[in-house]
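Structure, as structure tokens:
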Amino acid sequence: MAKNKQKDILVTTALPYANGPIHLGHMLEHVQTDIFVRAKKLQGHNILYFCADDAHGAPIMIKAAECNEDPEKFTKKIQKEHIEDFMKFSIDYTNYHTTHSKENKDIVNNIYECLCKNNLVYTKEIEQFFDETESMFLADRYIIGTCPKCKAENQYGDACEKCGSTYPTESVINPKSILSSTTPILKKTDQVFFKLSKFKQILKNFINKASLQPSVKSKLNEWLKGELKDWNISRDKPYFGFEIPDQKDKYFYVWLDAPVGYIASTKNWADQNGVNYLDLWSKDSQYEIHHFIGKDIIYFHGLFWPAVLYYSDYKIPNRIHAHGFLSINSEKMSKSKGTFITAKNFSKNQNTDLLRYYFASKLNSKIEDIDLDFDDYVQKINSNLVGKLFNIGSRLEPFIRKNDYNISNKIDKDFYHEQLLKYDFIIQSYNANEYSKAINSILSIADDINSYINHKKPWTLDNLEAIEVSSTIINLYKDLCILINPVMPNLSNKALNQFNIEDPDFTILGKDLGDTKINNYVPILDRLDTININDLN
């Protein structure tokens with residue numbers, strides 16, 4: 001197999017909002033990212049993985065008030081719950097932090113100071129929606145109405161999920177306050193703006209240089225062809241967040257300090273481990289920076305975020321990986337329809353490695369929505385994992401047990417090396433986010449192995465011949481368990497216990513076990529019964 005030069009890679013996922021539980025829609029992104037991270041680690045790359053809770057904004061302030069809690073205390077409790085949920089799905093962060101932190105405040109203030117020094121911020125009077133019932137200016141996501149571009153109804157005040165457009169909140173047709181269900185009025189207020197309009201050429205250069213999916217590149221270029229408007233980076237009190245240093249009663253808009261949370265989480269880890277975080281995030285950093293995000297926040301990560309970083313002496317990301325949304329049984333996630341499934345409830349009833357597998361079997365490098373169909377889920381697990389992959393170990397058990405679990409270095413080299421030639425494609429598929437191709441190739445090898453067993457019929461052979469067949473297959477089975485490790489780390493490690501492999505990596509792929517004694521086979525996975533979605537709520 002080809003060897004890749006070791007790289008330094010820093011990976012982030014979009015920050016979950018700290019006003020509610022992690023649901024399976026969140027988990028899709030974190031599983032996708034974690035598979036990428038684990039596959040890179042197994043190849044020997046130096047990879048760091050950071051995330052944090054997005055802990056600021058009016059929605060959190062309001063939710064905390066509903067719970068009769070201080071916003072800071074409320075977000076700490078939510079952060080603890082989020083970390084517990086991610087651990088249940090084996091999401092292996094280097095560090096998980098919060099945007100409501102000293103690190104984040106210091107870095108945000110530093111970035112703001114850099115923007116001010118470069119004459120990239122200014123104050124002007126504008127009109128914003130104001131809820132007279134609640135006596136407060138409304139955050140973008142607390143306005144719903146008709147999209148001014150495609151006329152889709154029930155869209156948020158800053159972006160349309162149907163056509164992907166972003167727009168000033170004031171342009172929303174028939175606006176309504178989510179808080180009071182009343183029609184807000186327009187009220188004058190002074191706000192701080194970032195001169196995003198000055199960055200067209202810089203952002204064009206970024207788009208041409210960065211590694212982006214074709215559809216992402218196309219959408220960003222489409223936005224650049226239009227008017228690139230300056231960005232309002234302030235909000236009026238009451239607001240839970242960081243106050244802007246040189247402004248009275250103004251707070252940084254959550255979309256300024258939220259992505260800074262990537263850097264702050266890095267600094268929090270670096271300070272605890274004797275590392276200078278600027279070695280990872282400065283413009284001279286040798287680290288590749290990868291962001292994994294949903295398709296709804298491409299504008300922020302592809303235009304606003306690189307522009308903010310450009311004059312702040314921080315490194316602009318090398319690669320953005322965008323993905324689609326998750327539906328459940330062909331329905332949008334909805335509490336009323338019973339399709340809003342939390343990670344916590346799912347993990348109580350199901351093996352989380354299996355959901356990781358199902359997501360991987362459908363994920364590719366395109367921005368496609370994914371449907372979690374539970375009938376299909378059960379069928380795939382039973383057919384592909386129970387019936388094909390882990391069934392290999394079960395089929396070999398009688399012959400290896402007969403030889404007291406000793407295997408031979410005498411193997412069918414032709415068949416063995418024929419399968420080894422497929423490994424590079426699997427690894428490169430992981431690197432390209434083509435997880436479904438990696439899964440299909442692993443299952444194709446499993447099919448070949450099962451056909452080989454059927455053809456050789458070791459139950460009809462004498463002991464020495466049966467051991468040769470078994471030794472050939474057990475070496476390939478070991479490799480398959482390693483190749484699928486990024487997807488199903490727990491089940492993979494359980495299977496690899498048979499070979500006393502505790503810390504698998506891709507360097508041991510294709511290295512036969514030789515003359516050795518292995519452990520007895522332990523059943524890895526039972527067949528699934530039909531899943532009632534009501535049991536997951």
Q | Phe325 six-ring centre to Lys295 NZ/CZ under 6.0 Å and within 45° of normal | A | yes

Q: Applying side-chain contact (heavy atoms from CB on, under 4.5 Å), run through Tyr358 and Arg356 and close with a yes or a no.
A: CA-CA 6 Å; Tyr358 188 77; Arg356 289 174 62 105; over 6 Å; no

Q: Answer yes or no on whether Lys283 is positioned over the face of Tyr310, meaning its NZ or CZ is under 6.0 Å from the six-membered ring centre and within 45° of the axis.
A: yes

Q. Would Phe86 and Tyr96 count as a close aromatic pair, with their ring centres under 6.0 Å?
A. yes

(Q) With no hydrogens and no angle check, just 3.5 Å: does a side-chain donor-acceptor pair link Asp92 and Ser90? (A) no

Q.
Would you say that Phe89 contacts Ile22 through its side chain, given a criterion of any heavy-atom pair below 4.5 Å between the two side chains?
A. no

Q.
Restricting to non-hydrogen atoms, name the atom on Asn351 and the atom on Asp353 that form the minimum distance, rounded to 0.1 Å.
A. OD1-N, 2.9 Å

**Q.** Any donor-acceptor N or O pair under 3.5 Å, side chains Tyr112, Asp246
**A.** yes

Q) Would you call Lys195 and Asp230 a salt bridge, using N to O less than 4.0 angstrom? A) no

Q. Are a donor atom and an acceptor atom from the side chains of Asp424 and Gln428 found within less than 3.5 Å of each other?
A. no

**Q.** Chi angles and distances behind the salt bridge (Lys or Arg N to Asp or Glu O under 4.0 Å) call for Lys77, Glu69
**A.** CA-CA 10 Å; Lys77 180 183 71 175; Glu69 288 189 29; 3.0 Å; yes

Q: Using a 4.5 Å cut-off on heavy atoms from C-beta on, say whether the side chain of Val254 contacts that of Tyr239.
A: yes

Q) Taking everything shown except Lys422 itself, do over 12 heavy atoms lie less than 6.0 Å from its NZ? A) yes

Q. What residue among Ile107, Asn109, Val108 forms side-chain contact (heavy atoms from CB on, under 4.5 Å) with Ile111?
A. Ile107

Q: For residues Ile47 and Thr94, report the shortest heavy-atom separation together with the two atoms involved.
A: O-OG1, 4.4 Å

**Q.** Atom of Ser265, atom of Cys51 and distance for their closest heavy-atom approach
**A.** OG-O, 3.0 Å

Q.
Any heavy-atom pair between the side chains of Lys40 and Val11 that's under 4.5 Å?
A. no

Q. Minimum heavy-atom separation for Asp54 to Ile60, with atom names?
A. O-CD1, 3.5 Å

Q: Applying side chain to side chain donor-acceptor pair (under 3.5 Å) between Asp53 and each of Lys76, Gln79, His82, report the one that passes.
A: His82

Q) Does the side chain of Asn95 pick up a donor-acceptor pair with the side chain of Asn268 at under 3.5 Å? A) yes

(Q) Check the orientation of Tyr262 and Trp305. Use parallel for under 30°, tilted for 30 to 60°, and perpendicular for over 60°. (A) perpendicular

Q | Salt-bridge criterion met for Lys7 and Glu288 (N-O under 4.0 Å) | A | yes

Q: Answer with yes or no after comparing the ring centroid distance for Phe252 and Phe242 against a 6.0 Å cut-off, counting only values under it.
A: no

Q | Distance (rounded to the nearest 0.5 Å) between Phe74 CZ and Glu72 CD | A | 13.0 Å

Q.
Does Lys250, at its NZ atom, have more than 12 non-hydrogen atoms belonging to other residues, nucleotides or ligands within less than 6.0 Å?
A. yes

Q | Tyr435 and Lys362, any side-chain heavy atoms less than 4.5 Å apart | A | no

(Q) Counting only heavy atoms from other residues, nucleotides and ligands, does the tally under 6.0 Å from NZ of Lys198 exceed 12? (A) no

Q.
Is there a side-chain contact (heavy atoms from CB on, under 4.5 Å) between Ile263 and Tyr277? Walk through the geometry before answering.
A. CA-CA 8 Å; Ile263 306 175; Tyr277 83 102; 3.7 Å; yes

Q: Evaluate whether atom CZ of Phe300 has more than 12 neighbouring non-hydrogen atoms of other residues, nucleotides or ligands under 6.0 angstrom away.
A: yes

Q) Distance only, no hydrogens: is a donor on one side chain within 3.5 Å (strictly under) of an acceptor on the other, for Ser327 and Asp371? A) yes

Q: Give a yes or no on whether the ring-centroid distance for His321 and Phe36 is below 6.0 angstrom.
A: yes

Q. Under 3.5 Å, is there a donor-acceptor pair linking the side chains of Asn318 and His290?
A. no

Q) Does Lys237 count as lying over the ring of Tyr251, i.e. NZ or CZ under 6.0 Å from the six-ring centre, within 45 degrees of the axis? A) no

Q) Would a 4.5 Å heavy-atom cut-off, applied to side chains only, mark Thr352 and Tyr357 as touching? A) no

Q | For Phe199, the option from Trp231, Phe194, Phe206 that meets ring pair (Phe, Tyr, Trp, His ring centres under 6.0 Å) | A | Phe194

Q) What are the two closest heavy atoms between Asp505 and Ile482, and how far apart are they? A) O-CG2, 3.8 Å

Q: Locate the shortest heavy-atom distance separating Ala432 from Ser365; write the atom from each residue and the value.
A: O-CB, 3.5 Å

Q) For the ring pair His301 and Trp255, is the centre-to-centre distance below 6.0 Å? A) yes

Q.
Hydrogens and angles aside, do Asn433 and Gln213 bring a side-chain donor and acceptor to less than 3.5 Å of each other?
A. no

Q | Check ion pair Lys80-Glu84 (N to O, under 4.0 angstrom) | A | yes

Q.
Donor-acceptor check, side chain of Thr516 to backbone of Leu513, threshold 3.5 angstrom: yes or no?
A. no

Q. Is the shortest heavy-atom distance from the side chain of Phe390 to the side chain of Leu491 under 4.5 Å?
A. yes

(Q) Just checking Asn273: does its CG atom have more than 12 heavy atoms from other residues, nucleotides or ligands closer to it than 6.0 angstrom? (A) yes

Q. Side chains of His100 and Thr75: do they bring a donor and an acceptor to under 3.5 Å?
A. no

(Q) Does any part of the side chain of Val192, heavy atoms only, come nearer than 4.5 Å to the side chain of Asn232, both counted from C-beta? (A) no

Q.
Assess the residue pair Leu480 and Ile484 against the criterion (side-chain contact (heavy atoms from CB on, under 4.5 Å)); give the C-alpha distance rounded to whole Å, side-chain angles, the decisive distance to 0.1 Å, and a yes or no.
A. CA-CA 6 Å; Leu480 291 188; Ile484 208 162; over 6 Å; no

Q) Given the rule in the salt bridge (Lys or Arg N to Asp or Glu O under 4.0 Å) test, do Asp284 and Lys315 qualify, once you have shown the distances and angles that lead to the verdict? A) CA-CA 7 Å; Asp284 297 327; Lys315 186 168 184 173; over 6 Å; no

(Q) Pair Leu326, Asp369 - check side-chain contact (heavy atoms from CB on, under 4.5 Å), show working. (A) CA-CA 6 Å; Leu326 180 71; Asp369 293 344; over 6 Å; no

Q.
If you define the side chain from C-beta out and look only at heavy atoms, does anything of Ile35 sit under 4.5 Å from Tyr430?
A. yes

Q) Strictly by modelled atom types, are Asn493 and Glu502 linked by a side-chain donor-acceptor pair under 3.5 Å? A) no

Q. Strictly by modelled atom types, are Tyr93 and His30 linked by a side-chain donor-acceptor pair under 3.5 Å?
A. yes

Q: Answer with yes or no whether the side chains of Glu29 and Thr13 bring together a donor and an acceptor at under 3.5 Å.
A: no

Q: Check step by step if salt bridge (Lys or Arg N to Asp or Glu O under 4.0 Å) holds for Lys105 and Asp257.
A: CA-CA 8 Å; Lys105 184 176 183 179; Asp257 74 62; over 6 Å; no

Q | Side-chain H-bond candidate by donor/acceptor type, Asn519 with Asn500, under 3.5 Å | A | yes

**Q.** Side-chain donor-acceptor pair present, Ser282, Asp313, cut-off under 3.5 Å
**A.** no

Q | Lys267 bridged to Asp106 by N-O distance under 4.0 Å | A | no

Q) Is atom NZ of Lys41 surrounded by more than 12 heavy atoms (other residues, nucleotides or ligands) closer than 6.0 Å? A) yes

